[in-house]
Number of protein chains: 2
Amino acid sequence: MESPVLMFKALGDPTRARIFEFLCSNCCPVALDDLGDVRPVQGVTVGAVCCHVTGSEQFSSTVSFHLKELRLAGLINAEKNGKFMVCSVRREAIQVMRDYLQAQSDAVLGTCVEAQSLDPIGGKK
Amino acid sequence: MESPVLMFKALGDPTRARIFEFLCSNCCPVALDDLGDVRPVQGVTVGAVCCHVTGSEQFSSTVSFHLKELRLAGLINAEKNGKFMVCSVRREAIQVMRDYLQAQSDAVLGTCVEAQSLDPIGGKK
DNA sequence: ACTACATATCGAGATATCTAGATATATAGT
DNA sequence: ACTATATATCTAGATATCTCGATATGTAGT
């Protein structure tokens, strides 16, 4: 579990990547309640995801399928809130992937005689 | 091109991930030449990858297929060196993926009212 | 030119994935 | 209880992916 490779596989589908990016940008939006007060919202409903992905107000079983894949890969959380299912990004998952890539990057530098004398790409200069 | 999502897709296959990790750890190994001198090697031959993945000395068309996928995704380089094809990791690709994840991570923190008060996971404390 | 070797490409079967419609479940409001 | 709404699951067809054996290409050595 918590396998970065499975996470990459899940993120490797364009539809799922769109969903993931949408959740990253909207997982904890604020909304106005009926009193007009600003209230934090815990995540995004499946309906909102469907709307964003398909452009229609209709529920999409395809989106539901992809949300499940993202959940099984550990990339997102989904918990029921009354009638709604609310999705949010698992920040730990992002970190797992970043750690993996960091480790691979370090491995390259560690074994590359030549690379060690190169600038670390994107690193502080 | 240089799409992190395509890179994730390529890395999302366990066989390819193994190959990629192997290349990260061995893309610029040193070797002894016939005079016994230490010489840097530019990368890893396809044969060496096959050997690592399948455990046999035989060439594997499956490995060849996966190497092509990794190349098409931009994750590795492959150039001919005489009779051999020599593979190496594209460090820029690792950076593209890391940047993408960084951006998503930042997006989460940016929109999450709650998350902003949380410790950054894995960040400096 | 011939041979051995390293690798690529092709072709086909097995399996997995994606999509979308149909049906099922669960919850809130009446 | 009934109804509408939100979402999940099932099913099946279309497509993509993975694997592996067979064949092809290109290079080095004789």
Side-chain angles (χ1 to χ4, degrees), chain A residues 3 5-20 22-23 26 31 33-34 41-73 75-88, chain B residues 3 5-20 22-23 26 31 33-34 41-73 75-88:
Chain A
S3 149
V5 173
L6 289 182
M7 292 175 183
F8 290 143
K9 181 175 184 179
L11 255 194
D13 176 89
T15 304
R16 283 195 291 269
R18 273 194 76 200
I19 294 172
F20 185 75
F22 178 63
L23 290 179
N26 296 276
D33 64 14
D34 41 6
V41 176
Q42 277 275 341
V44 177
T45 66
V46 172
V49 176
C50 291
C51 184
H52 177 256
V53 171
T54 69
S56 119
E57 297 288 330
Q58 295 253 317
F59 170 80
S60 155
S61 65
T62 296
V63 169
S64 182
F65 163 76
H66 286 304
L67 284 171
K68 188 176 187 179
E69 294 288 309
L70 289 170
R71 196 153 37 79
L72 290 177
L75 285 172
I76 67 173
N77 279 327
E79 44 180 314
K80 201 170 283 180
N81 187 344
K83 198 156 63 161
F84 299 91
M85 192 62 119
V86 171
C87 306
S88 57
Chain B
S3 148
V5 173
L6 289 183
M7 292 174 183
F8 290 143
K9 182 176 183 179
L11 256 194
D13 176 89
T15 304
R16 284 195 290 268
R18 273 194 75 200
I19 295 172
F20 184 76
F22 179 63
L23 290 179
N26 296 274
D33 63 15
D34 40 9
V41 176
Q42 277 275 341
V44 178
T45 66
V46 172
V49 176
C50 290
C51 184
H52 178 255
V53 170
T54 69
S56 120
E57 296 289 329
Q58 296 253 316
F59 169 80
S60 155
S61 64
T62 296
V63 169
S64 181
F65 164 76
H66 286 304
L67 283 171
K68 187 177 188 179
E69 294 288 309
L70 289 170
R71 195 152 38 79
L72 290 177
L75 286 170
I76 67 173
N77 279 328
E79 45 180 315
K80 203 171 281 180
N81 187 345
K83 199 157 61 161
F84 300 91
M85 192 62 120
V86 171
C87 307
S88 57

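Here is how names work: the chains are called A, B, and so on, in the same order as the sequence lines, proteins then strands, and each is numbered from 1. Heavy atoms only: backbone and side chains are in, while hydrogens, waters and symmetry mates are out.
- Nearest heavy atoms, A/Arg16 versus A/Ala10: NE-O, 2.7 Å.
- Atom-to-atom distance recorded for B/Ile76:CD1 and B/Ser88:OG is 7.5 Å, nearest 0.5 angstrom.
- How far CG of A/Asn26 is from NE2 of A/His52: 7.5 Å, rounded to the nearest 0.5 Å.
- At a threshold of 4.5 Å between non-hydrogen side-chain atoms, the residues A/Lys9 and A/Val5 do not count as touching.
- When each of A/Lys80 and B/Thr45 is assigned the nucleotide of DNA chain C with its nearest heavy atom, B/Thr45 is the one assigned upstream, toward the 5' end.
- Residues that satisfy the side-chain contact (heavy atoms from CB on, under 4.5 Å) test with B/Lys68, not counting sequence neighbours, are B/Arg71, B/Leu72.
- Between B/Arg16 atom CZ and D/dT17 atom P the separation is 9 Å, expressed in whole Å.
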task = Show the numbers, then the answer: is there a side-chain contact (heavy atoms from CB on, under 4.5 Å) between A/Leu67 and A/Cys87?
result = CA-CA 9 Å; A/Leu67 284 171; A/Cys87 306; 4.2 Å; yes
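- Annotation: proximity of residues 54-62 of chain B to DNA chain C (heavy atom, distance under 4.0 Å) is found for B/Phe59, B/Ser61, numbered in ascending order.
- The minimum heavy-atom distance linking A/His66 with A/Thr15 is given by the pair CD2-CG2, 3.6 Å.
- Of the inter-residue distances, the one linking B/Asn77 atom CG with B/Met85 atom CE reads 10.5 Å to the nearest 0.5 angstrom.
- For D/dA8, one of the phosphate oxygens OP1 or OP2 lies less than 4.0 angstrom from a side-chain nitrogen or oxygen of A/Ser64.
- Read 5' to 3', the first and last nucleotides of DNA chain C with an atom closer than 4.0 Å to a heavy atom of chain B are C/dC5 to C/dT9.
- Of the residues near DNA chain C, A/Gly82 and A/Glu69, the one whose nearest nucleotide (by heavy atom distance) lies more toward the 5' end is A/Glu69.
- Closest approach of A/Val44 and A/Phe22 over heavy atoms only: CG1-CE2, 3.7 Å.
- At whole-Å resolution of the value, CE in B/Met85 and P in D/dG26 are 12 Å apart.
- Distance B/Glu79 CD to D/dT27 C1': 16 Å, rounded to the nearest Å.
- Phosphate contact (OP1/OP2 of D/dT17, side-chain N/O of B/Lys9, threshold under 4.0 Å): present.
- Rounded to whole Å, the distance from NE2 on A/His66 to C1' on D/dA8 is 15 Å.
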